[in-house]
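First comes the structure, then the notes that go with it.
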Protein chains: 2
Amino acid sequence: MKKDINVPDCSSCKNKDNFFCNLSISEKKRLGLNKKSGTYKKGEVIFNEGGLSNRLYCIYKGKVKITKLGTEGKDQLIRFSKTADILGYRALFNNDPYNATATAIEETTVCFLPKSNIMEALTSNTDLSLRLIQLLSSNLRDAENHIIEMGQRTATERLILALLLLHETFGFAEDGKTINVKLSRRELADMAGISSETAIRLLIKLKERNLIELKQKNILIPDLKKLQNEVE
Amino acid sequence: MKKDINVPDCSSCKNKDNFFCNLSISEKKRLGLNKKSGTYKKGEVIFNEGGLSNRLYCIYKGKVKITKLGTEGKDQLIRFSKTADILGYRALFNNDPYNATATAIEETTVCFLPKSNIMEALTSNTDLSLRLIQLLSSNLRDAENHIIEMGQRTATERLILALLLLHETFGFAEDGKTINVKLSRRELADMAGISSETAIRLLIKLKERNLIELKQKNILIPDLKKLQNEVE
DNA sequence: TCAAATATATGACACAAGTCATATTTTTGC
DNA sequence: GCAAAAATATGACTTGTGTCATATATTTGA
């Protein structure tokens, strides 16, 4: 992590639709008082499961994976977060240690907002609590759907659902078919709860069936509808 | 469902530690204004996935399972709720349909609190938002742990974890070893994300290893620590 | 640039757990 | 009390997927 001094004040942030978008200009100024920021390289850990928290993280730019370590030292991917998303909110609002690890999956710039600023914003703008409730509800809905996938879908289906989630979260690159993030086979396996070897094999199978294309670390979905139909 | 006219006003509720425990007496009186209540028989549905909501449910007495229908018509158990817990809060605060089905697993009496009362309580007592944030955070933590179990644990381990969750949620009966709820093998299987046949077989195996006792529909855990050690 | 580390790919093999069928027991509703 | 429905139990069989080992390709860091 290296300190980043090029990030603007919260009231001038380029991410207009972020979690704090409903705050007034003056509320945003107070939110960003004394904030710091830093840039993490791909693979660097932003915070660790079990660590203590006194600030909220706001992603200025980049992509992050949230993982938990399971049994036998294997990771399970819980969620992705990207530019404009907040991180570490559950620990902050519950005065708990982090219960997951946040890792940059590409170079990522993050702002650290002091807890006192957040609490003040919550008090002055009660809409913010409702936004947080909605965010947690959305996370919970996604987690519940993931439980069902893990319990009831085949490994192939889970891998396809993982690819569709990547598209949904990060979109396509400009060519309109390359998933806009590069993950290792291990990371894909951690999303789908399968072994790396199985992920590798099934990706090749999907390629052979022309459902995806593989170009170095890029995965392309030539026909999104067709891939979606595989898991209906 | 039959209407129940024996439930007291919220300010006199026997469940002193419920979600609304921090409200003042007068706030509780306003919360319960025009509330209704009903009693559901074991197996009756309290609300259905996809249904619309304009009230919050508060369990006066009883036990409820929250399930989602997965692929191929198979249920996945998401969570249990019991006496003093609230239900339907996510739909209410997000103006969404219910995304799960709530079913009584024993005779259950539920109070229906009008949405307007809830919103008023939220406005007058900002602590209530924080309690809801904490509740959602707790649900989410549990769901995330469940994802890991589904992805990384054997069926036997998952069944044991399901039994431990039943103990944790509902406790033991007075003998100190009978789990204080009766579920069918199918319901246990839905908790663990395994087939009924597998649940039946593995229960018998656990019995043979003296880790549990089976007495009609009752499951007994003679040595809780020993069972916990099986899944460390 | 190069050696070491890591990621990807592949083959072989084993088995946990699912499906299907059937028998038996228990529960339900009239 | 009784028939039907549902739950529980068991056997047989199949296979999806994990593990382990090894080869090859790519990335990393000095």
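For clarity, every value in this text was computed on a predicted model and none was experimentally measured. Numbered from 1 within each chain, the chains take letters A, B, ... in sequence-line order.
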- So, is Lys217(B) near the phosphate of dT8(D), with a side-chain N or O under 4.0 Å from OP1 or OP2? yes
- Take atom NZ of Lys182(B) and atom P of dA7(D), then tell me their distance rounded to the nearest Å. 16 Å
- Query: Roughly, in whole Å, what's the span from NZ in Lys41(B) to P in dT27(C)?
  - Reply: 18 Å
- Note on the structure: Here the distance between atom C1' of dT17(D) and atom CG of Leu159(A), to the nearest Å, is 13 Å
- Task: Ignoring backbone atoms, establish whether Thr198(A) has a side-chain N or O less than 4.0 Å from OP1 or OP2 of dG18(D).
- Result: yes
- Task: By nearest nucleotide on DNA chain C, pick out whichever of Lys74(B) and Leu203(A) is the more 5' one.
- Result: Leu203(A)
- Closest-nucleotide 5' rank along DNA chain C - winner of Leu202(B) and Glu197(B): Leu202(B)
- Query: Within this structure, what is the CD1-to-P distance between Ile200(B) and dT26(C), rounded to whole angstrom?
  - Reply: 13 Å
- Message: Can you measure Met150(A) atom CE to dA17(C) atom P for me and round it to whole angstrom units?
- Response: 14 Å
- Message: Using side-chain heavy atoms (C-beta onward) and a distance below 4.5 Å, is Leu203(A) in contact with Ile219(A)?
- Response: yes
- Parallel, tilted or perpendicular: which fits the ring planes of Tyr57(A) and Phe112(A), with parallel below 30° and perpendicular above 60°? perpendicular
- Position toward the 5' end of DNA chain D (nearest nucleotide), Leu214(B) or Arg158(A): Leu214(B)
- Task: Give the C-alpha distance, both sets of side-chain angles, the deciding distance and a yes or no for salt bridge (charged side-chain N to carboxylate O under 4.0 Å, His left out) between Lys63(B) and Glu106(B).
- Result: CA-CA 6 Å; Lys63(B) 299 178 175 97; Glu106(B) 73 182 27; 3.1 Å; yes
- Please give, in whole Å, the distance from dT8(C) C1' to Ile204(A) CD1? 8 Å
- Task: Find the distance Leu188(B):CG to dA17(C):P and express it as a whole number of Å.
- Result: 16 Å
- Query: Does the base of dG11(D) carry an N or O that pairs as donor and acceptor with the side chain of Arg201(B) under 3.5 Å?
  - Reply: yes
- Message: Under 4.0 Å, counting only non-hydrogen atoms across every strand here, what does Lys42(B) touch: a base, just sugar-phosphate, or nothing?
- Response: nothing
- Message: Using a 4.0 Å heavy-atom cut-off, does Ser195(B) contact any base of the nucleic acid, only the sugar-phosphate backbone, or nothing at all?
- Response: base
- Query: Is there a donor-acceptor contact under 3.5 Å from the side chain of Asp223(B) to the main chain of Lys226(B)?
  - Reply: yes
- Message: Quick one, Lys177(B) with Glu213(B), criterion salt bridge (charged side-chain N to carboxylate O under 4.0 Å, His left out). Give me CA distance, side-chain angles, the key distance, then yes/no.
- Response: CA-CA 9 Å; Lys177(B) 58 180 189 173; Glu213(B) 290 166 29; 3.7 Å; yes
- Message: Need one value for Ser196(A): base, sugar-phosphate or nothing, where a base atom within 4.0 Å counts as base even if backbone is also close, heavy atoms only.
- Response: nothing
- Query: Side-chain N or O of Arg185(B) less than 4.0 angstrom from OP1 or OP2 on dA9(D)?
  - Reply: yes
- Starting at CG of Leu183(B) and ending at P of dT8(D), how long is that distance when rounded to a whole Å? 10 Å
